[in-house]
Amino acid sequence: MRTMQEYCYKVCYKKQGKEKLKIYIITNSYSLAEWHIRWYKNHTPEDKKTKQPLENVTWIIVPVTSYAEYKYLWRDVPF
């Protein structure tokens with residue numbers, strides 16, 4: 001049995017009553033993605049565009065399995 005390679009992980013959120021997932025942060029490890037979700041459940045972050053607190057959202061970890069998507073996501077990271 002062959003497993004798919006996971007290049008990184010997207011921590012996304014979905015607002016209640018909506019279908020679209022929005023990316024909040026990208027991480028290299030699954031454990032770091034889980035840590036971010038635990039942190040966000042206790043400390044409500046704000047929306048990056050509207051600067052309003054994100055309330056009534058569901059946090060989801062999505063693995064990136066495509067090298068092209070991986071390169072696309074990390075293109076503007078400043079470090």
Side-chain angles (χ1 to χ4, degrees):
M1 184 169 124
R2 185 172 183 238
T3 61
M4 287 192 292
Q5 181 176 2
E6 296 172 349
Y7 292 96
C8 64
Y9 298 90
K10 300 183 284 189
V11 176
C12 304
Y13 66 91
K14 181 173 76 167
K15 292 185 179 179
Q16 189 174 18
K18 303 285 183 174
E19 291 297 318
K20 186 176 181 180
L21 289 175
K22 293 190 176 184
I23 299 173
Y24 196 77
I25 195 165
I26 305 163
T27 65
N28 283 328
S29 68
Y30 189 82
S31 62
L32 185 58
E34 287 179 326
W35 182 88
H36 277 284
I37 288 179
R38 284 193 308 271
W39 178 264
Y40 297 153
K41 286 183 179 179
N42 293 327
H43 304 86
T44 305
E46 56 185 35
D47 190 346
K48 293 179 181 179
K49 289 184 180 178
T50 63
K51 303 298 183 195
Q52 299 295 320
L54 289 173
E55 297 175 350
N56 298 326
V57 296
T58 303
W59 293 97
I60 301 166
I61 299 173
V62 180
V64 174
T65 57
S66 156
Y67 183 72
E69 183 181 6
Y70 167 76
K71 294 300 278 184
Y72 177 77
L73 290 172
W74 286 97
R75 73 189 184 285
D76 291 333
V77 178
F79 49 86

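Separating the NZ atom in K41 from the OG1 atom in T58 is a distance of 8.5 Å, to the nearest 0.5 Å. Put simply, CD on E46 and CD on Q52 are 8.5 Å apart, with the number rounded to the nearest 0.5 Å. Distance check, rounded to the nearest 0.5 Å: CD of E34 to OG of S29 gives 9.0 Å. For the atom pair OG of S66 and CD of Q5, the computed distance is 10.5 Å after rounding to the nearest 0.5 Å. One finds the CG atom of L32 at 7.0 Å from the CD1 atom of I25 (value rounded to the nearest 0.5 Å).
Scanning all heavy atoms of the two residues, the minimum distance from K10 to E69 falls at NZ-OE2, 2.9 Å. Closest approach of K15 and L54 over heavy atoms only: CE-CD2, 4.4 Å. Taking both residues in full, the closest heavy atoms of V62 and L21 are given as CG2-CD1, 4.3 Å, listed atom of the first, atom of the second, then distance.
Using the six-membered ring where Trp is involved, W39 and W35 have ring planes that are parallel, under 30° apart on the 30 and 60° scheme.
Note on I60 and I23: separate hydrophobic clusters, where clusters join Ile, Leu, Val, Met, Phe, Trp and Tyr whose side-chain heavy atoms are under 4.5 Å apart, directly or indirectly. Grouping the Ile, Leu, Val, Met, Phe, Trp and Tyr side chains by contacts below 4.5 angstrom, directly or via other members, places Y9 apart from Y67.
With sequence neighbours left out, the ring pair (Phe, Tyr, Trp, His ring centres under 6.0 Å) criterion links Y72 to no other residue. Considering only residues two or more places apart in sequence or on other chains, Y24 meets the side-chain hydrogen bond (donor to acceptor under 3.5 Å, both in side chains) condition with none of them. Residues forming a side-chain hydrogen bond (donor to acceptor under 3.5 Å, both in side chains) with Y13 (at least two apart in sequence, or on another chain): none.
Tested against I26 for a side chain to side chain contact (heavy atoms under 4.5 Å, CB included), the candidates L73, V11, V64 yield a single pass: L73.
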